[in-house]
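Labels below follow one simple rule: chain letters A, B, ... track the order of the sequence lines, proteins then strands, and each chain is numbered from 1.
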Protein chains: 2
Amino acid sequence: MAWDTEGTQQKILDAAVAEFAQRGPDGTTVERIARVAGVNKERVYNYFGGKQELFARVLRDELARVARDVPIDGLDAAGLGDYAGRVYDYHREHPELSRLMRWEGLAFDSEVPDEELRREHYGYKIAAVDAGQRSGEVTADFEADQLMFLVLALAGWWSAVPQVARMITGPESADEHARRRASVVRAAAKLAAA
Amino acid sequence: MAWDTEGTQQKILDAAVAEFAQRGPDGTTVERIARVAGVNKERVYNYFGGKQELFARVLRDELARVARDVPIDGLDAAGLGDYAGRVYDYHREHPELSRLMRWEGLAFDSEVPDEELRREHYGYKIAAVDAGQRSGEVTADFEADQLMFLVLALAGWWSAVPQVARMITGPESADEHARRRASVVRAAAKLAAA
DNA sequence: GTAATTCCCAACGCTAGCGTTGGAAAGGAA
DNA sequence: TTCCTTTCCAACGCTAGCGTTGGGAATTAC
């Protein structure tokens, strides 16, 4: 049979995303990633260098995805509400990224990989909010960076403490998710209203 | 020397809070807890039954603390803003609880201990918001449970993804924390405004 | 005083996971 | 063909952590 280096690496990455998101850096074992990917453990070390490096790689890939898939484009309050809704949707549809970031926040905090790159990425979002504020469409009650972060909080907290969300707003269901999403959109818009 | 059962148990609990909050259920080892507490590992098993049970116990204790220390009392928008500020402060001053809850959300999610008790606890908070809504002091834009949760989101997201907070709003400092707190208070009040 | 109970620890067996290694199989270069 | 490189894996040594046990020391009950 022919080699399939590319395929092997991809299978490892796929398995790693799932495992890391599910169990976190500590709970994840290289053995299991290899088993799920259907390859030998040694391949992981050879291609990616080890657990830490693989985690960093996985997170970088997922961040690139979200940067591509959830652009910020609205410059007024309604646009920010819409953006919050899309962030909420993304968290729902791709829980991996949110989980990875929260594992990262808990396990590492200081000294995260690619910090400079990621800061720049957020810089664009803040600039968009700032532009909205200059045009008078968005409130000047908050500094742009703070408002940006608070909007992300509204969209993200649900998945950060799902057990609390369940206890406060009731069990998850299609209906409940619709309620939550509507609340997030409305809340972000209200926060951003001039 | 005389026995000090109570003291031994307390030392274990103290060490367990610190270790679990820092490293999470997976990263924490019973060995280490025992070492930090200065007692033998066997004591942990004898008194608390094991890692899982100890984690549940630690979380229950911390939840009892916050329920005692951060009452909700305001019935109007400003009161909710004030409450959000106090929640933010609590997260700052006692990062353990927030971290424990987030570890729990990541590691277990479904089937958390004491769910009924905790749901009841949140029920009081929701009732307070609801009362504010009935009196017309708090907006009816959101259902009470949703508004309650969103307010907690504003206060809690900072510590959930500290690395993101840092990248968006700049490095932590006394000044920056004051800015953040002010944003949280203002945002919660604005959300709740009629 | 002594028997029973409780508290405590050192040490054990066991498993799981880490990262590595020696070598086999597949492909390419000459 | 022959030699070299790359991909892959089975198996290894090692460590850390889990939960337990057997026994010793302090305390209490009788």
Side-chain angles (χ1 to χ4, degrees), chain A residues 1-61 99-100 103-104 106-108 111 113, chain B residues 1-61 99-100 103-104 106-108 111 113:
Chain A
M1 225 226 288
W3 299 135
D4 182 14
T5 310
E6 198 102 352
T8 300
Q9 296 191 8
Q10 195 54 53
K11 279 189 289 183
I12 292 174
L13 283 173
D14 291 345
V17 171
E19 290 297 313
F20 277 128
Q22 182 61 39
R23 304 166 201 274
D26 280 320
T28 293
T29 74
V30 177
E31 315 254 355
R32 194 185 182 87
I33 290 176
R35 194 164 64 246
V36 170
V39 304
N40 189 275
K41 181 170 58 153
E42 180 266 356
R43 287 291 83 194
V44 176
Y45 289 97
N46 189 295
Y47 286 139
F48 300 101
K51 200 153 72 146
Q52 287 277 343
E53 291 84 345
L54 185 54
F55 184 81
R57 167 64 182 273
V58 158
L59 192 53
R60 183 162 55 240
D61 288 359
R99 293 180 63 91
L100 289 170
W103 286 118
E104 181 188 46
L106 281 167
F108 306 124
E111 170 192 20
Chain B
M1 223 223 294
W3 298 136
D4 183 13
T5 309
E6 198 104 352
T8 300
Q9 296 189 7
Q10 195 54 54
K11 279 190 289 183
I12 291 174
L13 283 174
D14 290 345
V17 171
E19 290 296 313
F20 277 129
Q22 182 61 39
R23 302 166 204 274
D26 280 319
T28 293
T29 74
V30 177
E31 315 255 354
R32 192 184 183 89
I33 290 176
R35 193 164 65 247
V36 170
V39 304
N40 189 276
K41 181 171 57 151
E42 180 266 356
R43 286 292 85 195
V44 176
Y45 289 97
N46 189 298
Y47 286 140
F48 301 101
K51 198 152 74 148
Q52 287 278 340
E53 292 85 345
L54 185 54
F55 183 81
R57 167 63 182 274
V58 159
L59 192 52
R60 182 162 55 243
D61 289 358
R99 292 180 64 89
L100 289 170
W103 286 117
E104 181 188 45
L106 280 168
F108 307 124
E111 169 190 23

A:Tyr47 atom OH is separated from D:dC8 atom C1', nearest whole Å, by 8 Å
Mind calculating the distance between CZ (B:Arg43) and P (C:dT6) to the nearest angstrom?
12 Å
A:Asp26 CG to C:dA16 P, in whole Å, measures 18 Å
Separation between CD (B:Gln22) and CG (A:Leu106), nearest 0.5 Å, reads 9.5 Å
Does any N or O in the side chain of A:Lys51 come within less than 3.5 Å of the main-chain N or O of A:Val30, such that one atom is a donor and the other an acceptor?
no
Starting at NZ of A:Lys51 and ending at P of C:dA16, how long is that distance when rounded to a whole Å?
16 Å
Compare all side-chain heavy atoms of B:Leu54 with those of B:Thr28 and state whether any distance is below 4.5 angstrom.
no
Can you measure B:Glu6 atom CD to C:dC7 atom P for me and round it to whole angstrom units?
11 Å
Look at the aromatic rings of A:Phe20 and A:Phe55 and report parallel, tilted or perpendicular, splitting at 30° and 60°.
perpendicular
Atom-to-atom span, NZ of B:Lys11 to P of C:dC7 - whole angstrom
14 Å
Atom-pair distance (CD on B:Gln52; P on D:dG17), nearest Å:
17 Å
In Å and rounded to the nearest 0.5 Å, what is the CZ to CD distance from B:Arg43 to B:Gln9?
9.0 Å
B:Gly38 or A:Arg32: which one's nearest nucleotide on DNA chain C is closer to the 5' end?
B:Gly38
Closest approach to the side chain of B:Val30, judged atom by atom: which nucleotide of D:dC18, D:dA10, C:dC8 is it?
D:dC18
For C:dC18, does either OP1 or OP2 sit under 4.0 Å from a side-chain N or O belonging to A:Lys41?
no
On DNA chain C, check which nucleotide each of A:Gly27 and A:Glu42 is closest to and give me the residue with the more 5' one.
A:Gly27
Given C:dT6, is OP1 or OP2 found less than 4.0 Å from the side-chain N or O atoms of B:Thr5?
no
Measure from the side-chain heavy atoms of B:Glu31 and tell me the nearest of C:dC7, D:dC18, D:dT20.
D:dC18
Determine: side-chain N/O of B:Thr8 to OP1/OP2 of C:dC8, distance under 4.0 Å, yes or no.
yes
Could you state the atom-to-atom distance from CZ of B:Arg35 to P of D:dA16 in whole Å?
10 Å
Does B:Tyr45 make a side-chain N or O approach to OP1 or OP2 of D:dT21 shorter than 4.0 Å?
no
